S.K.: 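First the structure, which I've put down as structure tokens, then a few questions once you've had a look.
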Amino acid sequence: MQDRYDFKSIEKKWQDIWKDEEAFKTEEDYSKEKFYVLEMYPYPSGNLHMGHVRNYSIGDVISRFKKMSGFNVLHPMGWDSFGLPAENAAIKHGAHPVEWTNNNINEMKKQLDSLGISYDWEREVSACDPDYYKWTQWIFIQFFKNGLAYKKDNPVNWCPDCQTVLANEQVVEGCCERCDTPVIKKYLSQWYLKITDYADQLLDNLDRLDGWPEKVKAMQKNWIGKSEGVDVKFPIDGEDKDLIVYTTRPDTLFGVTYMVLAPEHPYVTEFTKGTKYESAVNAYIEECSHKSELERTSLTKDKTGEFIGKYAVNPVNGDKIPIYISDYVMLDYGTGAIMAVPAHDQRDFEFAKEFDLEILPVVAVEGVDVDHLTEAASAEGIMINSGKYTGMNNKDAIIAISDDLEAKGFAHKTINYKLRDWLISRQRYWGTPIPMVYCEDCGWVPEKDENLPVLLPTDVQFTGKGTSPLATSKSFRNCPCPKCGKPAEREIDTMDTFLDSSWYFLRYTDAKNDNSAFDTKKVNYWMNVDQYIGGVEHAILHLMYSRFFQMFLNDINLCDYDEPFRNLLTQGMVTKGYYDSKNNYTVAKMSKSLGNVVSPAEIQNKYGADTARLFILFTAPPEKELEWSDAGVEGSYRFLNRVYRLVMEYIKNIRGEKRNLDKIEIVNSADRHLNYMINATIKKVTEDAGGRFNFNTAVASIMELVNEMYRYMQNEEINTPLFNKAIEILLTVLNPFTPHITEELWQMLGHKDRLYASKWPEYDTKALIKDEVEVIIQINGKLKDKITLPNNTEKEVAEKAAKELKKIQAALSDKEIIKTIFVPNRIINFVVK
RNA sequence: GCCGGAGUGGCGGAAUUGGUAGACGCCGAGGACUUAAAAUCCUCUGAGAAGAGAUUCUCGUACCGGUUCGAGUCCGGUCUUCGGUACCA
């Protein structure tokens with residue numbers, strides 16, 4: 001017998017068989033309960049990394065487990081195949097993005113199959129496939145027709161390196177999320193989707209998503225950033241205009257000592273034109289416009305600004321207060337103007353100190369000397385210096401002051417969101433063309449349905465510079481207006497690739513439909529996604545955009561659900577330790593630049609796919625970070641060899657005889673214990689792999705069963721129906737984790753059927769009841785001794801038996817028992833003094 | 001600052017409802033097999049103390065306190081750490 005099992009031939013053999021048998025093909029069966037398990041589709045970079053392996057191993061265990069449990073399982077895979085790397089490769093190597101992308105897809109597909117992941121490849125989707133992006137375009141047009149897509153001239157985030165605009169969500173700390181280049185503001189006319197119309201629904205529905213991690217929900221909540229306050233009207237002295245500001249603290253209105261406008265606010269040039277303030281103000285605006293987003297939002301920098309020569313009138317007391325401009329006020333939040341209360345807002349406090357403006361406290365905060373502030377007092381307190389509101393609790397004053405001002409027409413309650421509309425135009429080639437046409441007479445008109453898809457032209461030049469590559473196509477731009485037929489021009493920008501990924505999970509339910517994006521009956525059968533699995537880096541971007549799409553498609557009656565993903569599992573990163581430049585041991589996400597990458601192919605060559613899967617699932621719970629350990633991989637490999645040898649030993653043992661498959665007989669305590677372990681393992685794996693997704697503890701319990709079987713084998717006859725059952729259960733419950741080796745051993749036992757198609761075992765609750773149980777004996781809650789008693793021994797009997805134990809007698813000799821706590825089959829606790 | 005997690009052996013991690021803390025695995029030590037090594041199998045493996053030894057005692061889940069017969073688990077406070085987010089008015 002070989003020392004180590006031959007994973008290379010076994011894994012290849014079974015992957016070929018599954019393919020031939022169409023083992024994982026899924027069809028609609030409306031009579032059967034469905035389960036839709038989905039892993040986030042990857043960008044086809046051409047190479048699988050360990051993060052992918054983890055993601056897909058988790059999904060595959062769930063998928064295989066649910067299939068064996070009797071569900072009609074949908075487990076598809078596809079490609080997020082539009083995007084910059086393909087285009088950059090085209091610029092660099094001259095290959096067309098479509099070739100580069102499709103080569104990568106073929107390569108990655110092979111790698112996925114070599115891991116034994118059970119995908120139904122007949123439902124494969126690829127974002128860059130015209131049969132797919134036709135419907136992305138069609139959905140965009142539905143947004144347009146419903147007034148949710150619009151083109152607008154706006155200051156936008158521009159990445160000078162990627163040569164394209166970015167959505168707010170793609171700007172991380174003032175830099176491009178892709179290349180880390182500081183983002184600059186540009187004025188451009190761009191397409192937007194009105195996600196802000198769904199702000200409340202996106203927020204409110206979060207409460208219903210109880211299968212989502214708190215963390216992700218909190219991140220989305222913060223991002224939407226709902227705040228309730230009031231818009232207050234400040235008349236401007238000497239002008240026939242009012243200044244509207246948004247505040248959440250109307251209780252501090254008596255403490256307003258100046259006003260601030262964003263430098264870009266339209267009033268600024270209007271009020272300063274031709275005045276002595278004009279040159280200084282314009283210089284300041286000019287200075288701000290050169291600052292990057294990063295510089296401007298930096299908290300550490302000193303406050304700057306300019307007085308614009310005008311005064312506003314405070315509606316609560318008629319005070320005249322100076323108006324400044326400063327870049328600490330943002331044009332795109334609230335009204336782009338604020339009332340400044342230096343005593344109670346830290347930013348205003350800093351500005352007031354810099355410009356020597358009055359700091360007037362209006363809320364007495366406990367424990368703070370408000371007349372000698374060293375920083376703003378933003379906590380709650382009692383109103384002071386506030387006319388008739390003085391003495392009130394500031395929380396009550398918020399309501400009283402806003403109500404009074406509202407009655408006088410100076411205020412109204414408002415809600416503000418941080419969420420902005422989604423800028424979806426990209427000045428790049430490799431994306432879905434925006435299917436819009438500009439006609440001088442008709443304005444922006446969507447392409448006719450029958451002309452979809454608007455195909456990406458092939459006669460373009462990739463320079464990576466200047467305007468959208470589509471502008472260089474001779475064939476693309478000119479077209480007739482879909483409405484009036486006159487010569488018109490196509491939009492030359494493409495869509496953000498996040499649109500492609502905002503509905504791909506719907507397309508899987510009906511991937512080959514030529515007549516619509518998906519069939520309503522099919523989509524309603526399969527949706528929602530019962531279990532979605534992916535990295536937490538998509539907590540806001542992809543997961544919020546997809547929810548938005550789903551809500552919209554629900555509103556236009558294309559499907560019955562307003563949330564796409566019922567349960568979400570955010571897997572942790574795969575990390576590995578390395579020695580940095582100062583020779584310190586550091587653990588970090590695997591990355592080429594750090595040199596701490598372990599490639600899946602390398603591990604598969606050395607140990608096989610089953611070992612790679614097992615190690616990843618066993619080493620850490622799925623949502624936690626997983627630190628790669630070569631020794632740990634060895635351990636997983638060792639375990640699989642142990643399983644292999646165990647089954648070979650059993651087969652060897654029955655050679656020449658018939659396998660004893662009679663009725664199971666439990667003849668001794670060893671049998672009873674093995675039978676207990678068999679059933680306990682089924683129970684544990686069913687609960688851990690099927691419900692809690694704690695695959696690590698599920699695997700641990702299978703390991704315990706194997707250990708027990710080795711012990712049993714040393715002393716007992718193993719050609720018995722009971723041991724045969726142990727072997728078969730072992731292979732069955734291990735199958736979702738390591739499908740190749742278990743399928744092979746199953747066949748070697750003589751089975752003609754397949755393990756992947758077999759039924760998940762049920763456990764016998766009677767076998768889990770032990771005849772005898774170990775009861776612990778405590779004195780004052782501390783463990784003193786243990787006693788073995790018949791199951792369900794009564795309190796009196798147990799207590800008597802416990803008191804007869806020598807240790808307990810000794811411990812109780814000079815004590816008085818006040819009370820005895822008895823938990824059946826568990827604990828006797830003597831409370832003594 | 002605000003929001004959300006997490007702190008358990010040498011390491012990854014168990015303990016699902018308040019009931020034997022440390023399952024399972026890694027590392028390590030010892031033994032068996034072997035000419036030898038690898039592989040495999042068996043035993044031990046939280047810390048400290050006492051004992052020749054079987055064994056016994058004490059401490060121990062970031063820290064301080066509380067509730068309880070009993071707390072890794074519940075409550076109050078503190079610290080550390082990770083992730084997200086922020087001149088958002």
Side-chain angles (χ1 to χ4, degrees), chain A residues 2-4 172-173 213-223 225-227 229 245-249 252 260 296-301 303 326-330 332-341 344-348 350-351 378 416-418 536-537 539-540 572-573 577 614-615 618-621 623-636 638-639 641-642 645 684 687-688 691-692 694 696-704 706-707 710-711 714 774-786 807 818-823 825-832:
Chain A
Q2 292 167 296
D3 278 351
R4 300 285 185 114
V172 178
E173 288 174 352
E214 279 309 314
K215 180 185 177 172
V216 174
K217 289 196 278 185
M219 281 164 74
Q220 292 207 0
K221 199 173 169 183
N222 285 341
W223 192 262
K226 183 176 184 172
S227 95
V245 300
Y246 172 74
T247 181
T248 54
R249 292 291 303 273
T252 61
V260 189
R296 193 168 161 180
T297 56
S298 161
L299 265 169
T300 49
K301 90 180 175 61
K303 296 283 181 285
S326 174
D327 64 358
Y328 83 86
V329 173
M330 304 292 144
D332 60 358
Y333 185 76
T335 61
I338 61 154
M339 57 180 223
V341 188
H344 304 292
D345 182 283
Q346 185 59 25
R347 295 153 296 175
D348 299 346
E350 286 163 16
F351 188 89
S378 53
N416 260 296
Y417 300 92
K418 286 192 222 172
V536 74
E537 66 272 18
I540 295 170
M573 282 188 309
L614 187 74
F615 166 73
F618 173 63
T619 302
E623 65 282 353
K624 282 192 82 163
E625 180 184 304
L626 182 147
E627 190 187 339
W628 190 267
S629 140
D630 294 333
V633 180
E634 287 279 355
S636 295
R638 204 142 52 208
F639 170 72
N641 278 295
R642 219 164 127 79
R645 276 194 306 272
K684 182 79 179 152
E687 288 168 359
D688 285 357
R692 299 200 307 160
N694 282 10
N696 54 330
T697 50
V699 172
S701 73
I702 298 172
M703 287 175 170
E704 285 183 75
V706 170
N707 291 344
Y710 267 89
R711 269 193 292 272
Q714 286 185 336
E774 194 174 61
V775 174
I776 59 158
I777 301 158
Q778 298 179 332
I779 291 176
N780 288 345
K782 294 211 168 192
L783 174 72
K784 289 293 163 192
D785 207 352
K786 299 168 190 177
K807 275 190 218 168
I818 316 169
K819 201 165 140 190
T820 307
I821 310 279
F822 177 73
V823 183
N825 292 341
R826 258 180 211 271
I827 273 180
I828 303 166
N829 184 13
F830 296 110
V831 185
V832 301

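Being a predicted model, the structure only gives us computed values, none of them experimental.
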S.K.: Checking all strands, does Ser629(A) fall into the base, sugar-phosphate, or nothing category for heavy-atom contacts under 4.0 angstrom?
M.R.: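 Nothing, no nucleic acid heavy atom in range.
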S.K.: Kindly say whether Arg347(A) contributes a backbone atom to a donor-acceptor pair with the side chain of Asp345(A) at under 3.5 angstrom?
M.R.: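 Yes.
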S.K.: Contact class for Gly225(A) vs. all strands (heavy atom < 4.0 Å): base, sugar-phosphate, or nothing?
M.R.: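 Counting heavy atoms under 4.0 Å across all strands, no contact is made by Gly225(A).
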S.K.: Select base, sugar-phosphate, or nothing to describe what Asp332(A) touches, counting heavy atoms under 4.0 Å on all strands.
M.R.: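 The residue Asp332(A) makes no contact with any strand.
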S.K.: Would one find a side-chain N or O of Asn696(A) under 4.0 angstrom from OP1 or OP2 of A14(B)?
M.R.: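 Looking at the OP1 and OP2 atoms of A14(B), one of them is under 4.0 Å from a side-chain N or O of Asn696(A).
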S.K.: Think Arg645(A) has a side-chain N or O under 4.0 angstrom from the OP1 or OP2 of A39(B)?
M.R.: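 For A39(B), neither OP1 nor OP2 has a side-chain N or O of Arg645(A) closer than 4.0 Å.
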S.K.: Test for a donor-acceptor pair under 3.5 Å between the base of G1(B) and the side chain of Gln346(A), counting only N and O atoms.
M.R.: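 It does not, because no donor-acceptor pair links the side chain of Gln346(A) to the base of G1(B) below 3.5 Å.
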S.K.: Mind checking Pro621(A) for me? I need base, sugar-phosphate or nothing, with any heavy atom below 4.0 Å counting as a touch.
M.R.: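 Sugar-phosphate only.
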S.K.: So what does Ala218(A) touch, heavy atoms closer than 4.0 Å: a base, only the sugar-phosphate, or nothing?
M.R.: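 If one applies the 4.0 Å heavy-atom cut-off, Ala218(A) turns out to touch the sugar-phosphate alone, with no base involved.
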S.K.: Could you state the atom-to-atom distance from CD of Glu634(A) to C1' of A39(B) in whole Å?
M.R.: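 So the CD-C1' distance, Glu634(A) to A39(B), works out to 11 Å.
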S.K.: Looking only at N and O atoms, is any donor in the side chain of Lys215(A) or the base of C3(B) less than 3.5 Å from an acceptor on the other one?
M.R.: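 By the distance-only test, no, there is no pair.
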S.K.: Mind checking Glu774(A) for me? I need base, sugar-phosphate or nothing, with any heavy atom below 4.0 Å counting as a touch.
M.R.: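 Contact class for Glu774(A): base.
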S.K.: Please classify the nucleic acid contact of Lys807(A) as base, sugar-phosphate, or nothing, using heavy-atom distances under 4.0 Å.
M.R.: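 Sugar-phosphate: the residue Lys807(A), judged by heavy atoms under 4.0 Å, touches backbone atoms but no base.
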S.K.: Got a list of protein N/O to nucleotides 43-48 of chain B N/O distances below 3.5 Å?
M.R.:
none

S.K.: For Asn780(A) and U20(B), give me the distance from atom CG to atom P, rounded to whole Å.
M.R.: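 Atom-to-atom, Asn780(A) to U20(B), this comes out as 17 Å.
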S.K.: Counting the atoms with a prime plus P, OP1 and OP2 as sugar-phosphate, which does Glu623(A) contact under 4.0 Å by heavy atoms, base, sugar-phosphate, or nothing?
M.R.: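 The answer is nothing, as Glu623(A) stays clear of every strand by at least 4.0 Å.
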S.K.: Mind checking Lys782(A) for me? I need base, sugar-phosphate or nothing, with any heavy atom below 4.0 Å counting as a touch.
M.R.: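 Sugar-phosphate: the residue Lys782(A), judged by heavy atoms under 4.0 Å, touches backbone atoms but no base.
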S.K.: Under 3.5 Å, which protein N or O atoms sit close to an N or O of nucleotides 10-12 of chain B? Give each pair with its distance.
M.R.:
| residue | atom | partner | partner atom | Å |
| --- | --- | --- | --- | --- |
| G12(B) | O2' | Thr619(A) | O | 2.8 |

S.K.: According to the Watson-Crick and G-U wobble definition with distances under 3.5 Å, which dot-bracket string, read 5' to 3', encodes RNA chain B, using [ ] for crossing pairs and | for pairs with another strand?
M.R.: (((((((..(((......[....))).(((((.......))))).(((((....)))))..(((((..]....))))))))))))....
S.K.: Any side-chain N or O of Arg642(A) under 4.0 Å from OP1/OP2 of C41(B)?
M.R.: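 True: Arg642(A) side-chain N/O within range (under 4.0 Å) of C41(B) OP1/OP2.
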